[in-house]
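Have a look at the structure below, then the notes.
Residue indices begin at 1 and follow the sequence shown.
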Amino acid sequence: MEPTTEMNVLEKSRLSILEAQIETDKKAFYRIGMALVEIRGSRLYREQHATFEDYCRDRWELSIRYADKLMLTVKTMDALQSTPMGVLPSNERQVRPLTKLSTPEAQQEAWEMAVESAPAGKLTARHVAKVVAEIKRENTKKAVGRLEKKTREAANTASAIDEDFRQAFDAFYREVKRVRFENWEKTSRDVALFLIKRAKDLVELT
């Protein structure tokens, strides 16, 4: 919608004040996270509380889980400060998906992609999460590809391997790959690791 009327000096002044207030409030989660990081790091809670978790709960009615999320946003927000786009997250929910990426460079790249691809310019936490999920999926595919190359090379150079064993292993590998790309929705990752360890123990048994 196009602007319809001009504002007077008082209206423009009031708009500036309100927008400054909004901008300050938008970054409140970041300031809270920084404060919590310092309080925890220096144990400034110790005079009145035995643990940082007790402090968060008793002083601020924050669960330790949510406090951890706020503190995680600090490093991520710091990584985004240098983004050339000049657009930063407006709330903790937008930052949260980015914390799942392991490097500041990956977080910055994901944020820039999210800003550029936001539907109708509307940047939401859900859209950021979608971009991060796509990046992680592509990274997983690349990692699986590298692993499969090493597996094929090892199998091709093996001088003694039974064909039945090879076929059984290939079938098992395909199943692990399938549930991995399904993000362990129906198969527990922990149970899969446990069963694989049992097979490893069997191989190493003397």
Tightest non-hydrogen contact, residues Val131 and Ala114, listed as CG2-CA, 3.9 Å
A side-chain contact here means heavy atoms from C-beta on lying under 4.5 Å apart; do Tyr45 and Leu36 qualify? no
If every non-hydrogen atom of Pro104 is compared with every non-hydrogen atom of Ala79, which pair is closest and at what distance? CB-CB, 3.7 Å
Take the angle between the ring planes of Phe172 and Phe169 and call it parallel below 30°, perpendicular above 60°, tilted in between. tilted
Non-neighbouring partners of Arg180 that pass side-chain hydrogen bond (donor to acceptor under 3.5 Å, both in side chains), sequence neighbours left out: Thr140
Could you tell me which non-hydrogen atom of Leu80 sits nearest to which non-hydrogen atom of Trp111, and how far apart they are? CD2-CB, 3.7 Å
Identify whether the distance between the nearest side-chain nitrogen and carboxylate oxygen of Asp54 and Arg57 falls below 4.0 Å. yes
Roughly how far apart are Ile64 CD1 and Phe52 CZ, rounded to 0.5 Å? 5.0 Å
Any chance you could measure His127, atom NE2, to Met113, atom CE, to the nearest 0.5 Å? 8.5 Å
Within this structure, what is the CG-SG distance for the pair Leu70 and Cys56, rounded to the nearest 0.5 Å? 9.0 Å
Are more than 12 heavy atoms, taken from residues, nucleotides or ligands other than Glu61, located less than 6.0 Å from that residue's CD atom? no
Can Trp184 be reached from Val132 by stepping across I, L, V, M, F, W or Y side chains whose heavy atoms are under 4.5 Å apart? no
Decide yes or no on side-chain contact (heavy atoms from CB on, under 4.5 Å) for Gln108 and Glu112, but give the supporting numbers first. CA-CA 6 Å; Gln108 187 176 93; Glu112 291 175 358; 3.6 Å; yes
Atom NZ of residue position Lys69 - does it have more than 12 heavy atoms of other residues, nucleotides or ligands inside 6.0 Å? yes
Assess whether atom CZ of Arg65 is packed by more than 12 heavy atoms of other residues, nucleotides or ligands within 6.0 Å. no
Transitive ILVMFWY side-chain link Val37 to Leu44, under 4.5 Å: yes
Can we say Asp201 and Arg198 salt-bridge, meaning some charged N sits less than 4.0 Å from an Asp/Glu carboxylate O? yes
Results of side-chain contact (heavy atoms from CB on, under 4.5 Å) for Val203 - residues two or more places apart only: none
Partners of Glu109 by salt bridge (Lys or Arg N to Asp or Glu O under 4.0 Å), sequence neighbours excluded? none
Asp68 and Met71: CA distance, side-chain angles, deciding distance, side-chain contact (heavy atoms from CB on, under 4.5 Å) verdict: CA-CA 5 Å; Asp68 284 341; Met71 290 186 289; 3.3 Å; yes
Starting from Val176, can I reach Leu147 by hopping between I/L/V/M/F/W/Y residues whose side chains sit under 4.5 Å apart? no
Which heavy atom of Leu98 sits nearest a heavy atom of Thr76, and at what distance? CB-CG2, 3.7 Å
Please give me the minimum heavy-atom distance between Leu72 and Thr99, naming the atom from each residue. O-CG2, 3.9 Å
Hey, could you give me the CZ/CG distance between Phe29 and Asn91, rounded to the nearest 0.5 Å? 6.5 Å
When you check the gap from the basic side-chain N to the acidic O, do Arg96 and Glu92 get nearer than 4.0 Å? yes
Return the set of residues passing salt bridge (Lys or Arg N to Asp or Glu O under 4.0 Å) with Asp170 (not counting sequence neighbours), or none when no residue passes. none
Group every Ile, Leu, Val, Met, Phe, Trp and Tyr by side-chain heavy-atom contacts under 4.5 Å, then state whether Leu195 and Val179 land in the same group. no
Check for me, please, whether Ile196 and Tyr173 land in the same ILVMFWY cluster - side-chain distances under 4.5 Å, paths through other members count. no
Mark yes or no for whether Gln48, through its side chain, and Arg59, through its backbone, hold a donor-acceptor pair below 3.5 Å. no
Please name all residues satisfying side-chain hydrogen bond (donor to acceptor under 3.5 Å, both in side chains) with Thr124, sequence neighbours left out, ordered by chain then number. none
Can you measure from CZ (Arg40) to OG1 (Thr51) and round to the nearest 0.5 angstrom? 12.5 Å
Atom CD of Glu38: over 12 foreign heavy atoms under 6.0 Å: no
Which atom names give the shortest non-hydrogen contact between Pro89 and Val95, and what distance separates them? CB-CG2, 3.4 Å
Tell me, please, which residues at least two apart from Trp60 pass side-chain hydrogen bond (donor to acceptor under 3.5 Å, both in side chains). Tyr55
